[in-house]
Trainee: 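Below: one structure in structure tokens.
Not measured: the values here are computed from a predicted model.
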Amino acid sequence: WYFDTAVIRAEMMISDSLAELLSNKVQRLNIRLQAILKVASLLGYSFSTDILQIIVNEIFNERKELKENTDVVTREILELFLDEAVEERFLEKTSGRYQFSHDKLQAAFQLSMKKDEREQLHLLIGRQLLNHTNDIFVYQAAVHLNRVNKNLLTTSQEQVHLAKTNLQVSRYCEFKSAFLESVHFLRKGLALLNSKDKWTANFDLTFAISEALARMEFIVGNLDACQTMNEEVLLHAKSDEAKNRALLLEVEVRVAANKLSEMVTAGRKAVNQMLKINIPVMITPVNCILTLRRVRKLFDKMTDEEILNLPVAEDPKVSIAIKVLMRICLNCVLRQKYDYGSYAAMIATEISLTIGLSPHTSYAFYCCGAVEVASSFGEKSLGERGIRLGELSMKLLKKFPFKDAECNVLPGIVTNILHLRYPLRGSLDLYPEALNDGFETGDIVSVSICACYTFSIKFWSGENLKSLEKLIRNTYRRMNDLDQPPLLLQIQIPLQLVLNLQNNAESYEVLTALTGEIMDEEICMKMIGKKSFHLVFIFLNKMVLAYTFGFYKLADDARKKLKYIGDTYIIDKTHMNLPFQFYSAMTLYERYRSSGRKKYLRTARKIFKYFAKVHSLGNPNAKAYFLILEVENLSLKQKNIQGINDACEACIRFQAEAGLVHLEALANEQASRICRELRGILHDKANEYLDRALHLYRNEWGATAKYEWLLDKYKRESKKNKRVTKEDAFLMNCEIHVPQNDGTVSLASTQGI
């Protein structure tokens, strides 16, 4: 046993004086204690005395210079040695366990041994740890034995046994979400098997390790390594089930690599091999119509109870085929290949209704429901068949809980289908769970979509902006940690919107651009394509911001861009249709007021009629917008002042009861403006409505920038009034009740403004 100062100084990068001091201090220790500490350094920073005692006894028996009066190192003798090391400050003792007082000391003792000596000790330790069945001990055994040259393993059987151990440990690491470590153990396990005859001598073990490694390489993002390993798995797979799993992974790799055409080709091949279903290379509207008719025929002849009680597909290939089809659907829809995406979903639904249900059937039903709803827009109904499919999809999720499907289905059901029948606020509790499910399964594409829908619904439901900001930032951080820049934009856009509504800026026009702490609008516009669905979110949020801060021409420009953008599905057929139409109408009313041009009024009234129709058909989310537009329409006629007042009160009351804070604030702001315009008997109520709007914007909704803008607007308008009527004189000498953060109100006099 020796302690080489030069080696330690070089490897640990410490000064000569410190290395010399450390060397001298160690040399003063009993030779047996030095040996014990070297073994302990290999066991870890903190170590078990049980394993240490076994290894120390074996070493002491082999080396004569370490033997003393006793043949066995008992627990008491070992602890005497270790307590001496504690006194010398090499070790610390906490809660009955020993640990090195510094990781540099542990490293120094490790470096004091030659490589061969270290490997022999690792071999001893690993073999002893394998005698235990505890997962932690087996994990530690694999760590030690993997550091040994495989030639030191005496027999090929021991090498095979270690390969099995590595497979076992990799599964334990995967369970603990330590995916990189899992890959490491699988690679070590595969390297232990003889490369020449591993597929003949140890087929089952080689296949199990290869299949697991292909899957884990995919999870950690090593797509090339995954594809190479998966090709080998496909080549050697004997069972149909194994082949089907490999075919699914082949599709997943293409999805992750953003290779749409290759993904579709791989998906078509997989479905054909599994179920003998031929999917055309090109999907035409005729293909979609014929398939939709077949699905409708199957669907309409069954009750909900009959569908929910359909047998679960026993053959795993059915479930895998449906999952492959839904992968094709999701990625085609994201890239605006709606025909192919819809066709894949309809085939998956047809398989579910004829062969058997699977965990991804809920996703297929949801997508078919979205197709039905989209095709029913403009009809006299809200798409009853589509709503029924959406409700069945939700029930199937409860019957067959499946995290992979939940992340895709839960947000989409509400935003694309069930918003036609149920209030958006009623679905808010669904989203945090769906979002976490996506992170757990590693399906980052679905996470980004789920996050986008989550934030959208929470925003349009009047969620407190500070609370919403916290949620978005947390999701943004988790996505950022996964290093997926293209998927971050769907989170950056709503986060910048929320920040702009809360931030103060030198000019309010600055806040109408989605540029700030999180994103730069110009850079993002250059990055994304002209037909990207991201443009919908950018222009819709810009329209909201421009309207909010009184830049109505900017809002109108954003509205026009949204109308003629390449992909209008999101604003025409989803829950975002109502907010878009609402802010379009409000912008057009303001444009009419400032210019007097009738074309703005005509378009706004068309939108108002659309809301009246949707409201009459029973859409519960339309009423809040409809009431505000109804007040706006009545105010332009200015015939029945009492009727206008009653409409304002009814509108405000409804928004408050529905919990739509942002719309309640807007309704109060609207009522305040209308009262000023009407003058007369309603003029004295203007400040009452204004006070309430200010309170709601700042204290309830959290839109502090809007609060500041509204105060500034009132001051500017008051200064413009050179001719003062009796009502104006009253108003300009009254006091505004300004809400404070602590819930109190302060009186701000307007005298002299």
Trainee: Any chance CG of D224 has more than 12 other-residue heavy atoms, nucleotides or ligands included, within less than 6.0 Å?
Mentor: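 Open.
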Trainee: Has N416 got a side-chain atom pairing as donor or acceptor with A370's backbone, closer than 3.5 angstrom?
Mentor: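 No, N416 side chain to A370 backbone: no donor-acceptor pair under 3.5 Å.
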Trainee: Please lay out, stage by stage, how K269 and V251 fare under the test side chain to side chain contact (heavy atoms under 4.5 Å, CB included).
Mentor: CA-CA 10 Å; K269 172 186 168 186; V251 174; over 6 Å; no
Trainee: Hey, are D83 and Y98 close enough side-chain-wise for a donor-acceptor pair under 3.5 Å?
Mentor: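 Result is yes, a qualifying pair exists.
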Trainee: Any carboxylate oxygen within less than 4.0 angstrom of a Lys/Arg side-chain nitrogen, looking at R245 and E241?
Mentor: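 Here R245 pairs with E241 in a salt bridge, since their nearest N and O are under 4.0 Å apart.
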Trainee: Can you tell whether the side chains of R473 and E517 come within less than 4.0 Å, N to carboxylate O?
Mentor: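 Yes, charged N to carboxylate O under 4.0 Å.
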Trainee: Rounded to the nearest 0.5 Å, what separation is found between the CD1 atom of I125 and the CZ atom of R118?
Mentor: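 Between atom CD1 of I125 and atom CZ of R118 there are 12.0 Å.
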Trainee: For the NZ atom on K176, are there more than 12 heavy atoms of other groups (residues, nucleotides or ligands in this structure) within a distance under 6.0 Å?
Mentor: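 For K176, atom NZ is not crowded (no more than 12 foreign heavy atoms under 6.0 Å).
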Trainee: Are the side chain of N222 and the backbone N or O of F218 linked by a donor-acceptor pair below 3.5 Å?
Mentor: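 No, the answer is negative, given that no donor and acceptor are paired below the 3.5 Å cut-off.
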Trainee: Could you tell me whether K114 and D116 make a salt bridge, using a distance below 4.0 angstrom between a side-chain N and a carboxylate O?
Mentor: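 Answer for the salt bridge query: no.
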Trainee: Is the backbone of K470 close enough, under 3.5 Å, to the side chain of N474 for a donor and an acceptor to pair up by distance?
Mentor: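 Here the side-chain-to-backbone pair does not exist.
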Trainee: If you measure from CD on E92 to CZ on R97, what distance do you get to the nearest 0.5 Å?
Mentor: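 E92 atom CD to R97 atom CZ measures 13.5 Å (nearest 0.5 Å).
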Trainee: Name the one of E174, E252, E250 that satisfies salt bridge (Lys or Arg N to Asp or Glu O under 4.0 Å) with R215?
Mentor: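 Of E174, E252, E250, salt bridge (Lys or Arg N to Asp or Glu O under 4.0 Å) with R215 is met by E174 alone.
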Trainee: Would you say R254's side chain and K259's backbone share a donor-acceptor pair under 3.5 angstrom?
Mentor: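 No, the answer is negative, given that no donor and acceptor are paired below the 3.5 Å cut-off.
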Trainee: Are the side chain of S182 and the backbone of S170 linked by a donor-acceptor contact shorter than 3.5 Å?
Mentor: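 Answer holds: yes.
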Trainee: Measure the spacing between OH of Y363 and CG of L397 and express it to the nearest 0.5 Å.
Mentor: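 Nearest 0.5 Å value for the OH-CG distance: 12.0 Å.
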Trainee: How many angstroms lie between CD in Q128 and CD1 in I54, if you round to the nearest 0.5 Å?
Mentor: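 It comes to 4.5 Å.
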Trainee: Starting at CD of Q168, measure out to CG of L162 and round the result to the nearest 0.5 Å.
Mentor: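 The CD atom of Q168 sits 11.5 Å away from the CG atom of L162.
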Trainee: Main chain of S393, side chain of S362: is a donor-acceptor contact present, judged purely on distance under 3.5 Å?
Mentor: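 No, the answer is negative, given that no donor and acceptor are paired below the 3.5 Å cut-off.
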Trainee: Any chance you could lay out the side-chain hydrogen bond (donor to acceptor under 3.5 Å, both in side chains) test for E391 and Y422, step after step, and finish with the verdict?
Mentor: CA-CA 11 Å; E391 290 174 336; Y422 303 101; 2.6 Å; yes
Trainee: On a heavy-atom basis, which atom in A163 and which in I209 lie closest, and how many Å separate them?
Mentor: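 Heavy atoms of A163 and I209 come nearest at O-CD1, 3.9 Å.
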Trainee: Taking the six-membered ring for Trp, are F185 and Y172 ring centroids under 6.0 Å apart?
Mentor: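 That pair fails the under 6.0 Å test.
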Trainee: Determine, for R147 against E119, whether the closest basic-nitrogen to carboxylate-oxygen distance falls under 4.0 angstrom.
Mentor: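 No, this pair does not count.
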Trainee: Report yes if the side chains of I457 and E463 come closer than 4.5 Å at any heavy-atom pair, otherwise no.
Mentor: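 Answer no - side chains too far apart.
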Trainee: Under the 3.5 angstrom rule, does the side chain of T475 hit a backbone N or O of L471 as a donor-acceptor pair?
Mentor: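 Yes, because the side chain of T475 sits within donor-acceptor range (under 3.5 Å) of the backbone of L471.
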Trainee: Is there a donor-acceptor contact under 3.5 Å from the side chain of T361 to the main chain of L357?
Mentor: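 A pair under 3.5 Å: no.
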Trainee: Are H360 and S319 linked by a side-chain donor-acceptor pair shorter than 3.5 Å?
Mentor: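 No, no side-chain donor-acceptor contact under 3.5 Å.
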Trainee: What I'd like to find out is whether the side chain of L186 reaches to under 4.5 Å of the side chain of N166, using heavy atoms alone.
Mentor: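 SC-SC contact between L186 and N166 ruled out.
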Trainee: Check whether any side-chain heavy atom of K458 sits under 4.5 Å from a side-chain heavy atom of T454, and report yes or no.
Mentor: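 K458 vs T454: side chains touch.
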Trainee: Give, for atom CG of N202 and atom CG of D197, the distance between the pair rounded to the nearest 0.5 Å.
Mentor: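 Rounded to the nearest 0.5 Å, the CG-CG separation comes out at 7.0 Å.
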Trainee: Compare all side-chain heavy atoms of V264 with those of N331 and state whether any distance is below 4.5 angstrom.
Mentor: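 No - every pair of side-chain heavy atoms lies 4.5 Å or more apart.
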Trainee: Side chain of N230, backbone of C226: donor and acceptor closer than 3.5 Å?
Mentor: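 Here the side-chain-to-backbone pair does not exist.
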Trainee: For K466, is the NZ atom crowded, meaning more than 12 foreign heavy atoms sit under 6.0 Å from it?
Mentor: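 No, the 6.0 Å shell around NZ holds no more than 12 heavy atoms from other groups.
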Trainee: Under a 3.5 Å cutoff, is there a donor and acceptor pairing between the side chains of R425 and S461?
Mentor: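 No donor-acceptor contact under 3.5 Å links the two side chains.
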Trainee: If you count every heavy atom of other residues, nucleotides or ligands that lies below 6.0 Å from H236 atom NE2, does the total exceed 12?
Mentor: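 Yes, enclosed.
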Trainee: Assess whether a salt bridge exists between E217 and R187, defined as any Lys/Arg side-chain N lying under 4.0 Å from an Asp/Glu carboxylate O.
Mentor: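 Yes, this pair counts.
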Trainee: Check whether Y366 reaches the backbone of L389 with its side chain - one donor and one acceptor, N or O, closer than 3.5 Å.
Mentor: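 Between the backbone of L389 and the side chain of Y366 there is no qualifying donor-acceptor contact (under 3.5 Å).
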Trainee: Which word best sums up how the rings of F207 and F203 line up, parallel for under 30°, tilted for 30 to 60°, or perpendicular for over 60°?
Mentor: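 F207 vs F203 ring planes: parallel.
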Trainee: Report yes if the side chains of N272 and I277 come closer than 4.5 Å at any heavy-atom pair, otherwise no.
Mentor: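 A side-chain contact under 4.5 Å is absent here.
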Trainee: Using a 4.5 Å cut-off on heavy atoms from C-beta on, say whether the side chain of L129 contacts that of Y139.
Mentor: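 Side-chain contact under 4.5 Å: no.
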